[in-house]
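From a predicted model like this one, the values you see are computed outputs, not experimental measurements.
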Amino acid sequence: MIGLPFSIVAADTPDARDAMADLTARYPGSVVDDADRIVALGGDGLMLETLRTTLHRDVSVYGMNRGSIGFLMNEYDPDSLDKRLAAAERVDIHPLMMEAWTVDGEMVEAVAINEVSLLRETRQTAKLRILIDGVERLANLSCDGVLVATPAGSTAYNLSAQGPIIPIGARLLALTPISAFRPRRWRGALLPDAAAVTFEVLEPLKRPVSAVADSTEVRKVATVKVRQTTDMMLSLLFDPEHNLEERILREQFLS
């Protein structure tokens, strides 16, 4: 019997490639290229890469962990995959839109599933003014950088910068400093997902700053605006018993 149709993508690792060969052999009639469900075999990096390729497609991505931590992945089990896909619960996420203006007046737009980050370009610290929905919240942040992360991206660069892990489906964004020098005790903020964040670079010629939306980099920026898109949606599939909440709690108590 032909099961629920799906396509497969796999990371370029032995475990992922072996899993792909196994699933292809087990479900020969179910694996089709134009299916509306994608099974992603790897880690969170592959999941986010796969989501980027589906920005303008009406598909859902079901990940199975063949990587390391795999916050965004389900447990790997090749048995009854068609039934798991049929029972999976869908979570929709919206990526970020970055609008970056350079010191020369050029404006660049880019989409980010993980995060938008501002980073100093030289040995000197960046100096940034931060506004949320047009209201100044920090007049002068001296730092190596700062980022805005989605729930999907909160376990990536944001986590390395000591930012909070946000459960998938939570209507929040993480605003996280990178090596803040002044104010030294500021550790960032959780923002509602509808918030519009504006970064103004102070002394942009003396202290140049780049803006990065996932893999798109804009150098020597003067102003960067970040907001969640409402016209783009990405869909992930999780097993009903997927225990992401427990993994999030456990990660926060690791020494």
Going by heavy atoms in the side chains, are [X] and [Y] under 4.5 Å from each other?
| X | Y | answer |
| --- | --- | --- |
| I178 | C143 | no |
| K225 | V197 | no |
| L128 | L202 | no |
| L41 | V9 | no |
| R90 | F238 | no |
| L85 | D82 | no |
| I93 | L51 | yes |
| M47 | L236 | yes |

Subject >> More than 12 heavy atoms from other groups under 6.0 Å of CZ on R26 >> reply: yes
Original post:
How about D33: does its CG atom have over 12 heavy atoms from other parts shown lying under 6.0 Å from it?
Top reply: no
Could you state the interatomic distance from [atom1] ([X]) to [atom2] ([Y]), rounded to the nearest 0.5 Å?
| X | Y | atom1 | atom2 | value |
| --- | --- | --- | --- | --- |
| W186 | I130 | CH2 | CD1 | 4.0 Å |
| L96 | M98 | CG | CE | 10.5 Å |
| Q228 | R171 | CD | CZ | 7.5 Å |
| L172 | I166 | CG | CD1 | 5.5 Å |
| R207 | R120 | CZ | CZ | 10.5 Å |
| F199 | S117 | CZ | OG | 9.5 Å |

[X] side chain to [Y] backbone, donor-acceptor under 3.5 Å:
| X | Y | result |
| --- | --- | --- |
| R185 | R182 | no |
| N158 | A149 | no |
| D144 | A126 | no |
| T150 | G153 | yes |

Check the hydrophobic clustering (I, L, V, M, F, W, Y; side-chain heavy atoms under 4.5 Å; chains of links allowed) and say if [X] and [Y] are grouped together.
| X | Y | result |
| --- | --- | --- |
| Y27 | I8 | yes |
| Y76 | M20 | yes |
| L191 | L147 | no |
| V103 | V108 | no |
| V212 | V148 | no |

Where is the tightest heavy-atom contact between [X] and [Y], given as atom of each residue plus distance?
| X | Y | value |
| --- | --- | --- |
| L173 | D193 | CG-CA, 3.9 Å |
| A110 | A213 | CB-CB, 3.8 Å |
| T122 | P208 | CG2-CG, 3.5 Å |
| I113 | A152 | O-CB, 4.4 Å |
| M232 | L55 | SD-CD2, 4.1 Å |
| M73 | G63 | CE-CA, 3.5 Å |

**OP:** Before giving the answer on side-chain contact (heavy atoms from CB on, under 4.5 Å), spell out for M97 and V111 the whole-Å C-alpha distance, their side-chain angles and the decisive distance to 0.1 Å.
**Re:** CA-CA 5 Å; M97 175 63 72; V111 173; 3.8 Å; yes
Original post:
So S235 and D92, side-chain hydrogen bond (donor to acceptor under 3.5 Å, both in side chains) or not? Walk me through it.
Top reply: CA-CA 4 Å; S235 299; D92 295 326; 2.7 Å; yes
**OP:** Start with the C-alpha distance between W101 and V221, add both sets of side-chain angles, then the distance that settles side-chain contact (heavy atoms from CB on, under 4.5 Å), and finish with yes or no.
**Re:** CA-CA 6 Å; W101 284 265; V221 295; over 6 Å; no
**OP:** Can you tell me which residue pairs pass the side chain to side chain donor-acceptor pair (under 3.5 Å) test with a partner in residues 36-59, sequence neighbours excluded?
**Re:** R52-D214
**OP:** Considering only NZ, NE, NH1 and NH2 on the basic side and carboxylate oxygens on the acidic side, decide whether D104 and K220 come within less than 4.0 Å.
**Re:** no
Original post:
Under a 4.0 Å N-O cut-off, is there an ion pair linking D15 with R17?
Top reply: no
Original post:
How far apart are the C-alpha atoms of M64 and L81, what are their side-chain angles, what is the distance that settles it, and do they pass the side-chain contact (heavy atoms from CB on, under 4.5 Å) test?
Top reply: CA-CA 10 Å; M64 287 205 290; L81 177 57; 4.1 Å; yes
Original post:
Please walk me through it: do S7 and V31 pass side-chain contact (heavy atoms from CB on, under 4.5 Å)?
Top reply: CA-CA 5 Å; S7 58; V31 181; 5.6 Å; no
